[in-house]
Amino acid sequence: MPKLILVTPDGRQVEHPLGAEPVWIGRSRENGMPITDPRASRRHCRVEPDNGSYRVVDDGSANGTLVNGQLSRRHDLGPGDVIEIGKTRIFFERIDEGRTQELEPPSDPGALERERQNLLRLQRTARAINGELDRSRLFGLLLDHAIDIVRAERGFLIVPKEDGDLEFVASRNFAGDDVEATELEISRSFANRVLETGEAVCAVNAQEDERFRDVASISILGLRSVLCVPLREREDVVGAIYLDNRLARRAFGPDDLRMLDSLADHAAVALRNARLFADNEASRQEVEEAQSRVQDLNARLEQIVRGQSVELEGLRDAFRARKTIETKYQYTEIIGRSPTVLQTLRLLDRVVDSEVPVYIHGESGTGKELVARAIHTHGARKDGPFVSENCAALTETLLESELFGYVRGAFTGADRPRKGLFEMAHRGTLFLDEVGDMSQGMQRKLLRVLQEGEVRPVGGVEPVRVDVRIVSASNRDLREMVSNGEFREDLYYRLRVLQISMPPLRERREDIPLLVSHFHDREARRSGGKPIRLAPGVMDHLMAYDWPGNIRELENECLRMVALSGEVVEADVLSEQIRGHLPSSLPPGRADEVRDLNRLVQAVEVAEIEKALRLCEANKTKAAESLNISRFALQRKLEKYGIELGER
C-alpha cells in the first residue's frame, strides 16, 4: 500500500498509509498528518490520489511546499520523492538516501540570470554611492536601489536619536516617490530589535511568524513581509534599512536578505565617507581607508559575477532567440520604445509580480485598459477571468447591481438572480475604469467590499466571499478630488497602493511612427492586403500634431487613412486639424524648445526596418532591396539600433 514516511528532526520515521481519500498535512491537529514545524501553515498541503498515482497539492500555504528542493504548487509523486515543509521532510513510499542531506534547487536559467542581474546592480550601486558625498542624495539613492533589488513596497532609512526614538532620514515607496507623512507608520519593534542587537530580521509572513506574533503593530498596520538590516560602522550599529510589504506574503526570502545585507555593508562605508567629507574633521588617511574597504567589497562582487557568468553561459543558448526590450515580460500589446514608455514597462514588471491594488492615471485614450490587461495577462491570475467596467457609464443604482449582482425579486424586472462582476472576476482581475466618477454612496459600498473581501447582492442577505485583484483607472486627479471632498480618502489609499502614470502621446512623439506602422499592419492583416505607405511630409504632420485624444485619436486617424487612400497616403487625406499643424511647428513647451532630430530619424528608421523585415520574413537581402539600401547598410542599422531578427 502506498505510504508517506515522515522523518522527524531527531531521525525517527513515522509511516502514514495512503488510501482513496486525500491526506491533509499541516500544524492543525485536525489534519490527517499533523506536523509541528513552525514554518508550516495550519492546513499546508494535501496528498491526494490521481488515476492510480498520487500527487501533492499546496493548499495556499504561507511559506510554500517544496518537492525535491523545488517550490511546487502541484506535483505528481514518484517513489523516493521528498516533500519539504520548513525543516520537515516527508518521503513518498520509500526513503531516498541521496535526498537525506540538505537539498539544493536545480539551476534555473531565469533565476540565475535574475541573481546575476541583482549582483550587477549591486556593483553599480556600490560604485554610485561611493562617489556620492551629498548625504540627502545618498540617502535617496540607497533606498531606491534597496527597494529595486528586493522588490519591496516601501523603504525607510532609520537612525536612532539620543532620546531613544527613531528618526526617518529618508523614505521611498514602490514607485520611487517620497512616502507621505500619513504612511510613515512602521513596526518600530522590528527596527528597535535590529538597532539593539545588530542582527538582521526577515519575516516572510509577519502575522503568522512565531517570533513576532505578540507584536501589536504587526496586526494594527497589517504588515505581511518585513526585511530590516543594520548599518554597521566598525562595531557600532549606526542605523538600519527597513523594507516592508503591507499586502503580499513571502515577498522576501533568504536571497533578498543576503543581497540587502551586502548593500548595507557598502552603505555604511559610503555614509561614513559622506559624513567625514561634510565635517571635514577626518584625515585623508581615514577616507582612503574607507574607500579601500569599498574597493575590496567591489572586487569580491566582481569575482562572484565572473563566476556566475561562466555558469550562465552554458544555459543561454536556449534563450538567445528570444527578443526582449529591457523588460522581464514581453508586452507585445504595448507599442513604444520612447524613454517614458520603457520606464512605464519597467515599473509594470514589478507591478505584475505583486498582488496589490493598482491605480492607473492618465488622459483619455492613453491605453489605461491596455495596461490593466497586461497586468492580468502576465500576472499570477492570468488563468482567471479579466472583467472590466466603466464606472462613468452607469448610474449609482445600475452600477451597484452590475458590480454586486442581485437576487430574484430584488426590484421590478429581477425575475432571476444574477451574479455581479465581483463574483465573475473571482480569482481574477476586476478593472474599474473612470473610478473618479463614482458617487459618494457607491464609493462607500466599494470601500466596504475591499475591506471585508465579500459582496452582498442587491436584495440579498448572505454575503459572498470573493478573491479579486482590483485595478482602477481615472483621467481625473483623485488626490485633488480628495482635497475637495469629492472622493473618499480611505478609498483613495485602498485603490492607490501602487500607481502607474500613463504619458500622453504628445510627450512620447517618437513612438508615433511605431504606432502608425502597427495600426496599418493590423488593418492589412484584417483585409489580406499590403500595408499602405505614407507620402513624404505626411509623417511630419502627424509628428507635429498634439493629439488631444492620444492613441485612440491616432488609431482613428489611421483607420481614416486606410479607408480614403490607395497604396500611398497623401497629406490631403489627413483630417483638417492635423493638416493645420505644419511640420515646422514646435512641440508644446517653451518657445525655444525644438525636437531632437536624431531621435525622430531613429524612430522612423526603426519602424520602417522592422516593417520591411516582417514583410520579407526576416530576409535581410529582400528587406534591404525594399528599403532601397544595401544589405551592408541594413546590417549596420540593425546593429546600431539593437534590432534582433525573430525566428525565421
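What you are looking at is a predicted structure, and each value in this text was computed from that prediction instead of being measured. Just so you know, these numbers use all the heavy atoms, side chains as well, and skip hydrogens, waters and symmetry mates.
Residues Arg506 and Asp546 are not paired through a salt bridge, judged by the lack of any N-O separation under 4.0 Å between the basic side chain and the carboxylate. A salt bridge is defined here as a Lys NZ or Arg NE, NH1 or NH2 lying under 4.0 Å from an Asp or Glu carboxylate O, and Lys161 with Glu167 fails to meet this definition. Salt-bridge check for Glu555 with Arg552: failed, with every basic side-chain N at 4.0 Å or more from each acidic carboxylate O. A salt bridge links Asp437 with Arg476: the closest approach of a Lys/Arg side-chain nitrogen to an acidic carboxylate oxygen falls below 4.0 angstrom. Using a cutoff of 4.0 Å between basic side-chain nitrogens and carboxylate oxygens, Glu396 and Lys445 are scored as salt-bridged. Note on Arg408 versus Asp415: no salt bridge recorded, every NZ/NE/NH1/NH2 to OD/OE distance being 4.0 Å or above. The residues Arg494 and Glu489 are annotated as not salt-bridged, no charged nitrogen and carboxylate oxygen being separated by less than 4.0 angstrom. Using a 4.0 Å cut-off between charged nitrogen and carboxylate oxygen, Arg42 and Glu30 do not count as a salt-bridge pair.
Aromatic ring pairs are classed by plane angle as parallel below 30°, tilted from 30° to 60° and perpendicular above 60°; the pair Tyr359 and His361 is tilted.
Of all non-hydrogen atoms in Ser354 and Leu498, the two that sit nearest each other are OG-CD1, 3.7 Å. The minimum heavy-atom distance between Arg416 and Tyr406, with the atom names listed, is O-CE1, 3.4 Å. When all heavy atoms of Leu231 and Ala240 are compared, the pair lying nearest together is CD1-N, 4.0 Å. Between Ile360 and Ala372, the shortest heavy-atom distance links the atoms CD1-N, 3.9 Å. Minimum interatomic distance between Ser401 and Val458 (heavy atoms only, all atoms of both residues): CA-CG2, 4.0 Å. Between Leu348 and Ala374, the closest heavy-atom pair is CD2-CB, 4.2 Å.
No donor-acceptor pair under 3.5 Å is formed between the side chain of Asn556 and the backbone N or O of Glu553. Listed for the Arg381 side chain is no donor-acceptor partner under 3.5 Å among the backbone atoms of Thr429. Put simply, the side chain of Ser483 gets close to the backbone of Arg479: a donor and an acceptor are under 3.5 Å apart. Between the Asn390 side chain and the Ala392 main chain, a donor and an acceptor come within less than 3.5 Å of each other.
Residues Glu557 and Ser575 bring a donor and an acceptor atom of their side chains to less than 3.5 Å of each other. A donor-acceptor contact closer than 3.5 angstrom is absent between the side chains of Thr395 and Thr397. Under the 3.5 Å distance criterion, with hydrogens and angles disregarded, a donor-acceptor pair is assigned to the side chains of Thr65 and His44. Using modelled atom types and a 3.5 Å distance limit, the side chains of Asn550 and Glu363 yield a donor-acceptor pair. Side-chain contact check for Gln499 and Arg496: at least one donor-acceptor pair (N or O, by modelled atom type) lies under 3.5 Å. Using modelled atom types and a 3.5 Å distance limit, the side chains of Ser338 and Asp511 yield a donor-acceptor pair.
Arg444 is linked by a side chain to side chain contact (heavy atoms under 4.5 Å, CB included) to Arg488, counting only residues two or more places apart in sequence or in another chain.
Taking the centre and axis of the six-membered ring of Trp24, the NZ or CZ atom of Arg43 falls inside the cone set by 45° and 6.0 Å.
Rounding to the nearest 0.5 Å places OG1 of Thr344 at 8.0 Å from CZ of Arg508. From Tyr492, atom OH reaches atom CD of Gln443 across 13.5 Å, with rounding to the nearest 0.5 Å. One distance of note links CD1 of Ile551 with SG of Cys558; it measures 11.0 Å at 0.5 Å rounding. Taking CD1 of Ile147 as the start and NE2 of His145 as the end, the distance is 11.0 Å to the nearest 0.5 Å. One finds the OG atom of Ser474 at 7.5 Å from the NZ atom of Lys368 (value rounded to the nearest 0.5 Å). For the atom pair CG (Leu227) and CG (Asp244), the distance works out to 10.0 Å, reported to the nearest 0.5 Å.
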ask   = What's the verdict on ring pair (Phe, Tyr, Trp, His ring centres under 6.0 Å) for His376 and Phe431, showing C-alpha distance, side-chain angles and the deciding distance?
value = CA-CA 10 Å; His376 173 80; Phe431 175 57; over 10 Å; no
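Applying the 6.0 Å contact sphere to CZ of Arg448 captures more than 12 heavy atoms from other residues, nucleotides or ligands.
Ring centroid separation for the pair Phe156 and Phe168 comes in under the 6.0 Å cut-off.
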